Amino acid sequence: MTTASTVRTVSTVLTPPRPARHLVAVGLFLGARLAGAAVLTLVARFTGQSPLTLLGRSWDSVWYLGIAVHGYGHDLPSHDPGVHSDLAFFPLYPALVRTLTALVPLGGGGVGLLISWTAAAVAATGIYAVGSRLYGRATGIALVLLWGLLPHSVVLSMAYTEPVLAACAAWSLYAVLAGNWLWAGALAALAGLSRPNGFAVAAAVLATAGCEVWRRRGKVTHRLWTGAALAPLGWTAYVLWVGLHEGDLLGGYFEVQRQWGSRFDFGRGSLHAVRLMLAHGSRFEFTMALLIVAAGTVLYALLLLDRAPLALLVHSGVLLLIALGGSGFFESKPRFLLPAFPLLLPLAHMLVRTARTRPWHATVLVATLAGFSYLYGAYLLLYAHAPL
């Protein structure tokens with residue numbers, strides 16, 4: 001392949017149609033998140049707390065920043081047998097923080113926020129690209145706006161890994177839709193290095209590639225085979241590395257996760273948590289988590305009925321399955337679903353139809369979603385005291 005053709009291929013995959021239009025979607029997303037940050041700042045100042053500290057050094061972000069500075073090998077004592085090991089946290093985000101800290105005059109928290117905010121904008125561009133390619137510009141814009149106004153979208157402004165995973169996922173799925181398997185596989189590999197549930201992106205690439213091989217009876221290009229081979233490498237490599245470090249190649253990583261209370265138990269832990277909520281009541285964030293997961297399940301059914309592309313179905317389905325079937329911190333499940341942006345496609349269609357027939361109703365709906373998202377995000381960081 002010549003240099004010119006390579007440049008054209010990269011440009012085709014990484015640039016959505018009509019770049020001027022994607023700026024509208026990204027502008028709306030950034031405006032939504034900046035407004036949310038402004039609300040958080042006002043509430044934080046009222047309570048005497050620093051908004052930058054809340055966004056940059058809360059919960060898991062402390063672990064990631066510690067890995068960036070000191071590397072792996074640090075544990076936190078636990079009431080359960082064993083310890084909470086930092087090996088549970090995947091390496092891409094702390095590696096980015098460590099690299100960028102050496103290049104810019106910012107501390108770890110500031111660099112972490114810079115990476116997350118940049119990744120969130122890249123993710124918004126990719127989400128628009130997917131939505132507009134499949135269903136048109138209006139749906140793409142609505143999809144990005146809804147994603148930026150989710151109840152847990154404050155996480156997209158924090159020093160967390162969800163923005164990085166969402167960026168890799170969106171552009172990998174776009175590459176699958178565009179038929180560029182090398183980019184799809186490479187980005188899926190990066191997604192697998194970012195978070196444990198990043199394997200959902202590789203699953204989407206592998207499932208779509210398998211269907212393509214079946215449809216063409218094996219007569220596919222070497223690019224498809226290479227992309228499919230690349231897709232699971234990131235996740236698999238880290239899991240095996242942790243296993244080697246722990247002395248159990250195949251089970252070491254999963255033992256580390258078990259000590260954190262996180263394992264796939266086919267929903268038994270989730271059902272137990274729900275039963276406790278119904279029997280004894282619960283805090284607001286637990287109830288919201290239950291409602292959001294239930295809504296995600298309904299939206300996935302609608303996505304199936306809409307016959308969305310296989311890659312979107314597999315990606316969202318795996319993320320939803322992990323949220324439903326995994327034990328651990330129940331209040332964190334909505335955060336695990338943040339990269340499952342295709343679940344919002346049915347709502348994006350509805351918002352577009354409403355905007356065309358009843359624009360005032362659409363405006364009120366978006367304003368209501370924004371107000372709740374901003375206030376709930378401030379509540380999660382300032383008052384909930386529950387792991388995000």
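Bear in mind the structure is a predicted one, so any value in this text is a computation, not a measurement. Position 1 is the first residue of the sequence, and the numbers go up from there.
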- Query: Yes or no on ring-ring contact (aromatic ring centres under 6.0 Å, His included) for Y64 and F90, after CA distance, side-chain angles and deciding distance?
  - Reply: CA-CA 9 Å; Y64 284 111; F90 276 52; 9.4 Å; no
- Message: Can you tell me if Y383 has over 12 outside heavy atoms packed within less than 6.0 Å of its OH?
- Response: yes
- Message: Please determine whether residues V318 and F264 belong to a single hydrophobic cluster, defined as Ile, Leu, Val, Met, Phe, Trp and Tyr linked transitively by side-chain heavy-atom distances below 4.5 Å.
- Response: no
- Item | Connected via hydrophobic side-chain network under 4.5 Å: L304 and L347 | yes
- Message: If you apply the rule side chain to side chain donor-acceptor pair (under 3.5 Å), what do you find for S153 with S373, and how did you get there?
- Response: CA-CA 7 Å; S153 59; S373 174; 3.0 Å; yes
- Taking the side chain as C-beta and beyond, is there a heavy-atom pair between L382 and L40 under 4.5 Å? yes
- Selection residues 25-51 - residue pairs positive for ring-ring contact (aromatic ring centres under 6.0 Å, His included), sequence neighbours left out: F29-W147
- Item | Heavy-atom closest pair, residues G112 and V97 | CA-CG2, 4.1 Å
- Message: Run the salt bridge (Lys or Arg N to Asp or Glu O under 4.0 Å) test against E162 and tell me which residues pass, sequence neighbours left out.
- Response: R195, R335
- Query: Are L302 and L343 close enough, and set up right, to give a side chain to side chain contact (heavy atoms under 4.5 Å, CB included), and what steps lead you there?
  - Reply: CA-CA 8 Å; L302 295 176; L343 293 177; over 6 Å; no
- Query: What about L299 and L351, same hydrophobic cluster or not, with Ile/Leu/Val/Met/Phe/Trp/Tyr joined at side-chain heavy-atom distances under 4.5 Å?
  - Reply: yes
- Message: Is the shortest side-chain heavy-atom distance between L54 and Q49 below 4.5 Å?
- Response: yes
- Message: I want to check something: taking the side chain as every heavy atom from C-beta on, are S132 and T139 in contact at a cut-off of under 4.5 Å?
- Response: no
- E246 CD to L87 CG distance, which is reported to the nearest 0.5 Å: 5.5 Å
- For I115, does its backbone N or O pair with a side-chain atom of T118 as donor and acceptor, under 3.5 Å? no
- Task: Say whether L206 and V239 are linked into one hydrophobic cluster, either directly or through other cluster members, by side-chain heavy-atom distances under 4.5 angstrom.
- Result: no
- Query: How many angstroms lie between CG in L146 and CG in L28, if you round to the nearest 0.5 Å?
  - Reply: 11.0 Å
- Query: So, K333 side chain and A289 main chain: donor-acceptor pair closer than 3.5 Å or not?
  - Reply: no
- Query: Would a distance-only check, ignoring hydrogens and angles, find a side-chain to backbone donor-acceptor pair under 3.5 Å from S194 to L92?
  - Reply: no
- Note on the structure: For V176 and A184, the nearest pair of non-hydrogen atoms, with its separation, is CG2-CB, 3.6 Å
- I would like to know whether F89 and I67 meet side chain to side chain contact (heavy atoms under 4.5 Å, CB included); could you show each step before the answer? CA-CA 9 Å; F89 298 92; I67 295 168; 3.8 Å; yes
- Assert yes or no for the condition that the ring centre distance of Y374 to Y376 is strictly below 6.0 Å. no
- Keeping the roles fixed (side chain from D86, backbone from G73), state whether a donor-acceptor pair exists under 3.5 Å. yes
- Query: For atom NE2 of H272, is the number of surrounding heavy atoms from other residues, nucleotides or ligands below 6.0 Å larger than 12?
  - Reply: no
- Query: Do you know which two heavy atoms are closest between A123 and A170, and how far apart they sit?
  - Reply: O-CB, 3.9 Å
- Message: I'd like to check P309 versus L134 (side-chain heavy atoms, cut-off strictly below 4.5 Å). Are they in contact?
- Response: yes
- Query: For W241, what residues pass the ring pair (Phe, Tyr, Trp, His ring centres under 6.0 Å) criterion, not counting sequence neighbours?
  - Reply: Y72, Y238, H245
- Message: For residues 190-218, which residue pairs pass the ring-ring contact (aromatic ring centres under 6.0 Å, His included) check, not counting sequence neighbours?
- Response: F199-W235
- Query: Once you round to the nearest 0.5 Å, how far does CD of E331 lie from NE2 of H152?
  - Reply: 8.5 Å
- Following the transitive rule for hydrophobic clusters with a side-chain heavy-atom cut-off under 4.5 Å over Ile, Leu, Val, Met, Phe, Trp and Tyr, establish whether L113 and V154 coincide in one cluster. yes
- Message: Quick check: do L320 and T297 have side-chain heavy atoms less than 4.5 Å from each other?
- Response: yes
- Task: Tell me, with the steps shown, if V130 and L312 meet side chain to side chain contact (heavy atoms under 4.5 Å, CB included).
- Result: CA-CA 10 Å; V130 171; L312 305 190; 4.2 Å; yes
- Note on the structure: Residues pairing under salt bridge (charged side-chain N to carboxylate O under 4.0 Å, His left out) where one sits in residues 282-297, two or more places apart or in two chains, turn out to be R283-E285
- Query: T368: what forms a side-chain hydrogen bond (donor to acceptor under 3.5 Å, both in side chains) with it, not counting sequence neighbours?
  - Reply: none
- Task: Please check if the side chain of W171 supplies one atom and the backbone of V122 the other of a donor-acceptor pair under 3.5 Å.
- Result: yes
- Item | Partners passing salt bridge (Lys or Arg N to Asp or Glu O under 4.0 Å) against E212 (at least two apart in sequence or in another chain) | R215, R216
- L156 and L150, any side-chain heavy atoms less than 4.5 Å apart: no
- Item | Pairwise distance OG(S172) to CG(L177) - rounded to 0.5 angstrom | 9.5 Å
- Does S58 offer a backbone N or O that forms a donor-acceptor pair with the side chain of S61 under 3.5 Å? yes
- Message: Can a donor-acceptor pair be found, under 3.5 Å and without considering hydrogens, that links the side chain of S327 to the backbone of R263?
- Response: yes
- Among residues two or more places apart or on two chains, list those pairs meeting side-chain hydrogen bond (donor to acceptor under 3.5 Å, both in side chains) that have a residue in residues 87-116. Y93-S116
- Task: State, to 0.1 Å, how close H74 and G71 come at their nearest heavy-atom pair, and which atoms those are.
- Result: ND1-O, 3.5 Å
- Message: So does G267 get a backbone contact from the side chain of D265, meaning a donor-acceptor N/O pair under 3.5 Å?
- Response: yes
- Identify, with sequence neighbours excluded, every residue that meets salt bridge (Lys or Arg N to Asp or Glu O under 4.0 Å) alongside R268. none
- Task: Looking only at non-hydrogen atoms, find the nearest pair between P339 and L319 and report the distance.
- Result: C-CD1, 3.8 Å
- Below 4.5 Å, heavy atoms only, C-beta onward: do T226 and W181 meet side chain to side chain? no
- Could you give the distance from CG (L380) to CE (M288), rounded to the nearest 0.5 Å? 8.5 Å
- Could you state the interatomic distance from CG (L303) to CG (L313), rounded to the nearest 0.5 Å? 5.0 Å
- Hey, are the side chains of L388 and M158 touching, using non-hydrogen atoms and a 4.5 Å cut-off? yes
- So which pairs with a foot in residues 300-356 pass ring-ring contact (aromatic ring centres under 6.0 Å, His included), sequence neighbours left out? Y135-H349
- Task: Mind jotting down which residue pairs meet the side-chain hydrogen bond (donor to acceptor under 3.5 Å, both in side chains) criterion with at least one end in residues 350-361? Sequence neighbours excluded, please.
- Result: none
- Task: Just jot down the salt bridge (Lys or Arg N to Asp or Glu O under 4.0 Å) partners of R275, sequence neighbours excluded, or say none.
- Result: none
- Message: One pair to check against side chain to side chain contact (heavy atoms under 4.5 Å, CB included): R223 and T221. What are the steps and the verdict?
- Response: CA-CA 5 Å; R223 294 176 180 276; T221 67; 3.6 Å; yes
